[in-house]
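Written out below as structure tokens is the structure these notes cover.
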Amino acid sequence: MILQDTLTQLILAHYPEAESSDIQCTVPPTPELGDLSIPMFLLAKRLRKAPALLAGEAAREIDFSQIAESATAAGPYLNLTLKRGSFAQQLLAQALAKEEKWGSNGIGKGLQVLIEHTSINPNASPHVGRGRCAMIGDSLVRLLRFEDYEVDVHYYVNDMGRQIGLLVLMMEEVEKASFDEILDIYVKANARAEADPEFAARGYELLARIEAGDEEVRRRFFEVTEMCLQGQLAVLRRIGARYDFFDHESDYVNDPRIAEVEKALENKGALFTDEEERRVVDLSKLGHALEEGRYFVLRRANGSSMYGCRDIAYSIMKHEKGADLNLMVLGEDHKLYAQQLALILEAAGYPAPETIYYSYILLKDGKMSTRGGKVVLLDDVLNQATALALERVTEQFPGLDERERVDIASQVAVAAIRFAVLRVKSTKNVVFDMQSALSFQGDTGPYIQYCCARIRSILRKWDAALPDCDSFVPEFQEEAEWRLVLKTAEFPDVVKDALNQRSCAGIGNYLLDLAHAFTSFYHECPVLTAQSTEQRMSRILLCAAVLQSLTNGLALLGIDAPERM
RNA sequence: GCCCCGAUAGUUCAGUGGAUAGAACGAGCGCCUCCUAAGCGCUAGACACAGGUUCGAUUCCUGUUCGGGGCGCCA
């Protein structure tokens with residue numbers, strides 16, 4: 001809140017024993033009570049007074065005239081009615097001066113972040129569940145960069161799993177297959193491995209050979225995985241996800257860091273060879289309390305490495321980059337695994353990355369399964385959404401040239417899907433429903449874009465320069481416009497909360513609130529035809545500031561707002 | 001069996017110990033000679049259950065029920 005510092009100072013000056021953390025502003029439940037509210041519970045506890053008495057005392061004794069028209073006690077709450085003009089002037093000046101940085105608190109200045117997300121197995125076109133990871137990760141990246149962190153985005157290419165081996169075998173039988181056919185082939189490969197142990201064994205054999213350094217096999221794997229990866233990235237690009245580094249699992253097979261960690265584990269008596277010649281970590285020696293997940297296999301009996309073994313080397317490599325934050329977005333199915341890996345890394349003296357989990361997107365009749373071919377592909381959803389949006393835009397703007405209509409349609413499609421996914425907390429299971437994913441009405445991304453388009457339309461018609469905030473004190477008499485001012489002022493705090501929570505969900509929900517507040521304003525307060533010059537000037541500035549908040553917020557979610565729609 | 005998430009209107013979601021629990025979809029009624037109706041206004045509708053901690057609990061703790069995830073050679 002813009003006034004938080006001033007407010008805290010005023011109160012601390014009167015109650016020197018208080019701490020600034022005792023003073024937390026909230027918004028009163030109804031506008032009649034005031035613009036800002038300070039619950040006195042914490043302060044009352046500190047000062048050993050009754051909250052209601054303290055509120056009354058503070059309202060009488062502290063001089064808030066610098067920022068407020070009035071201060072009144074309502075039970076244990078101290079409510080302030082702000083001086084609208086100076087508050088709005090400060091807010092608008094800030095928002096319009098900071099432009100695309102408005103809302104940033106600059107928390108990450110001078111700090112570096114390494115984040116890994118998406119990292120889909122290169123075996124099929126991504127389904128919407130995988131898309132959830134990409135959207136969550138990508139938005140987090142945007143949020144971190146907005147807060148001035150320097151961010152490197154890593155993508156771990158799992159290019160040597162068992163299922164990749166099976167895929168390679170199948171691909172060699174079908175001659176030349178395109179990316180679109182991969183899912184089908186992958187499903188068949190898994191079904192065949194299930195039914196035919198000899199086929200499955202050939203997959204393992206390929207793995208063993210790649211691990212032994214067989215360059216020819218490695219080349220065959222690379223051909224398939226690279227084709228898949230490029231196909232997947234093309235889909236991910238459609239929703240705006242970008243990556244800086246692609247790290248290949250196969251580069252870590254014989255990494256010396258693994259031996260180093262094995263040594264450390266041996267020293268702690270946590271590594272042993274079991275009765276069937278596997279190399280196993282006993283995590284109970286490292287502080288793991290439960291029987292569940294106590295054992296972690298590093299190597300098969302034939303000496304070949306498990307996924308987790310290579311991941312040890314990869315994790316250390318990431319740590320060695322020396323970033324201040326080391327983040328990773330993972331599916332909830334990786335929770336136990338990540339805890340196990342963390343124990344192993346810590347035992348060898350390396351900190352584990354900070355993990356952010358997301359839950360599955362389910363279908364109405366159960367969970368998705370790439371192996372079973374029971375998936376809703378992100379690409380298909382995007383295609384359908386784009387086609388629908390194009391119809392709508394064409395209806396609305398028949399005269400617009402096709403190029404622009406297609407651009408708008410794809411922006412709307414991305415907004416619909418990204419917003420629907422990102423506004424929900426990542427720990428919740430969501431049931432995918434095509435109908436609501438394709439809806440552009442109500443609490444959706446397109447609704448917010450539409451709100452932006454309306455503001456832009458007003459700004460286009462305003463043919464003068466915007467008033468200068470430094471010399472002009474705006475006035476906002478109407479409740480709808482004042483509520484919009486207050487809502488706009490919340491933006492920087494919303495961004496800060498999102499960063500602390502490592503989740504952009506709150507930003508999405510805030511943008512809906514702001515868009516609703518704007519639409520009420522739009523219907524009640526004419527801008528271009530307002531009665532007085534002061535009103536017109538005040539409102540056009542407010543429009544510009546709201547647009548800046550909306551577009552900045554949408555940008556954090558990876559959503560563009562078209563000029564018109 | 002054990003461990004980790006989740007449970008809020010008919011439905012999809014907000015709400016990180018505070019005032020009268022917010023939206024949207026769906027349902028009903030109304031609004032385009034007026035800055036874009038992808039919109040707005042009005043009506044009806046909810047904290048799974050039982051205890052506990054607290055001045056105060058949808059929020060924290062325990063138990064129950066239901067849904068999701070996980071639990072040694074998949075990644």
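Order of the sequence lines sets the chain letters (A, B, ...), proteins ahead of strands, with each chain counted from 1.
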Close N or O pairs between protein and nucleotides 53-55 of chain B (under 3.5 Å):
none

All N/O pairs under 3.5 Å across the protein-nucleotides 11-13 of chain B interface:
| residue | atom | partner | partner atom | Å |
| --- | --- | --- | --- | --- |
| B:rC13 | O2' | A:Arg423 | NH2 | 3.4 |

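Proximity of A:Ser359 to the phosphate of B:rG69: no side-chain N or O atom is located under 4.0 Å from OP1 or OP2. Between A:Ser520 and the phosphate of B:rG41, there is a side-chain N or O to OP1/OP2 separation shorter than 4.0 Å.
A donor-acceptor contact closer than 3.5 angstrom links the side chains of A:Ser119 and A:Glu116. Inspection of the A:Asn429 and A:Tyr360 side chains reveals no N or O donor paired with an N or O acceptor under 3.5 Å. Between the side chains of A:Thr72 and A:Asn79, no donor N or O sits under 3.5 Å from an acceptor N or O. Side-chain contact annotation: A:Asp247 with A:His154, donor-acceptor N/O pair under 3.5 Å present. With hydrogens and angles left out, the side-chain atoms of A:Glu211 and A:Ser305 include a donor and acceptor closer than 3.5 Å.
Residue A:Ser457 is in base contact, counting any heavy-atom pair closer than 4.0 Å across all strands shown. Within the 4.0 angstrom heavy-atom criterion, no nucleotide atom of any strand lies near A:Tyr156. Nucleic acid contact class of A:Tyr337 (heavy atoms, under 4.0 Å, all strands): base. Contact annotation for A:Gln163: backbone-only contact, meaning every heavy-atom pair under 4.0 Å involves sugar-phosphate atoms and none involves a base. Using a 4.0 Å heavy-atom criterion, one finds that A:Cys525 contacts the bases of the nucleic acid, with or without backbone contacts as well. When heavy atoms are screened at a 4.0 angstrom cut-off, A:Gly75 is found touching no nucleic acid atom at all. Residue A:Tyr357 is classed as having no contact, given no heavy-atom separation below 4.0 Å to the nucleic acid. Nucleic acid contact for A:Leu33: base, since at least one base atom lies under 4.0 Å from a heavy atom of the residue. Residue A:Asn79 is in base contact, counting any heavy-atom pair closer than 4.0 Å across all strands shown. A:Leu512 comes within contact range of no nucleotide atom at all, as no heavy-atom separation falls under 4.0 Å. The residue A:Val281 sits apart from the nucleic acid: no heavy atom pair falls under 4.0 Å. Residue A:Pro39 is out of contact with every strand shown, counting any heavy-atom pair closer than 4.0 Å. Residue contacts shown for A:His516 are limited to sugar-phosphate atoms, with no base heavy atom under 4.0 Å away. Within the nucleic acid shown, A:Gln339 has no heavy atom closer than 4.0 Å to any nucleic acid atom.
Taken from NE2 in A:His334 to CG in A:Leu341, the straight-line distance is 10.5 Å, to the nearest 0.5 Å.
B:rC13 and B:rG68 are spaced 15 Å apart, taking the P atom of each and rounding to whole Å. Between B:rU65 and B:rC49, the two C1' atoms lie 7 Å apart (nearest whole Å). With C1' as the reference atom, B:rU12 and B:rG6 are 15 Å apart, rounded to whole Å. Going from the P atom of B:rU53 to that of B:rU59 covers 15 Å, rounded to whole Å. Comparing the P positions of B:rU64 and B:rC29 gives an interatomic distance of 48 Å, to the nearest angstrom. B:rU58 and B:rC66 have their P atoms separated by 24 Å, with the value rounded to a whole Å. B:rA57 and B:rG51 have their C1' atoms separated by 13 Å, with the value rounded to a whole Å. Remark: the separation of the C1' atoms in B:rC47 and B:rU43 is 23 Å, to the nearest Å.
Taking atom NZ on A:Lys335 and atom P on B:rG69, their separation rounds to 12 Å, with Å as the unit. In this structure, A:Ile120 atom CD1 and B:rA75 atom C1' are separated by 13 Å, rounded to whole Å. The CG atom of A:Leu528 sits 5 Å away from the C1' atom of B:rC35 (whole-angstrom rounding). As a whole-Å value, the separation of A:Asp311 CG from B:rA75 P is 11 Å. Between A:His288 atom NE2 and B:rG72 atom P the separation is 11 Å, expressed in whole Å. Atoms CG (A:Leu362) and C1' (B:rG69) sit 10 Å apart, rounded to a whole Å. In this structure, A:Gln340 places its CD atom 15 Å from P of B:rC74, rounding to the nearest Å. Following rounding to the nearest Å, A:His334 (NE2) and B:rC3 (P) show an atom-to-atom distance of 23 Å.
A salt bridge links A:Lys487 with A:Asp513; the closest basic N to acidic carboxylate O contact falls under 4.0 Å. Looking at A:Arg502 and A:Glu354, a side-chain N of the basic residue comes within less than 4.0 Å of a carboxylate O on the acidic one, giving a salt bridge. Note on A:Arg371 versus A:Glu194: no salt bridge recorded, every NZ/NE/NH1/NH2 to OD/OE distance being 4.0 Å or above. A:Arg279 has no carboxylate O lying under 4.0 Å from a charged side-chain N of A:Glu262, or vice versa, which leaves the two without a salt bridge.
Ring pair A:Tyr447/A:His516: centre-to-centre distance below 6.0 Å.
Minimum atom distance to the side chain of A:Tyr360 is reached by B:rG70, of the listed B:rG70, B:rC35, B:rA75. The listed nucleotides are B:rA19, B:rG39, B:rC74; the one nearest the side chain of A:Tyr447 is B:rG39.
Counting only Watson-Crick and G-U wobble pairs whose two distances sit under 3.5 Å, RNA chain B takes part in these stems of three or more pairs: B:1-7 with B:65-71, B:10-13 with B:22-25, B:27-31 with B:39-43, B:48-52 with B:60-64.
You'll find a donor-acceptor pair under 3.5 Å spanning the side chain of A:Glu276 and the base of B:rC73, going by distance alone.
With a glycosidic angle no more than 90° from 0, B:rC32 adopts the syn conformation.
Between A:Tyr295 and A:Phe272, the ring planes lie perpendicular to each other; the angle is over 60°, past the 30° to 60° tilted range.
A:Asp282 places none of its side-chain heavy atoms less than 4.5 Å from the side chain of A:Phe296.
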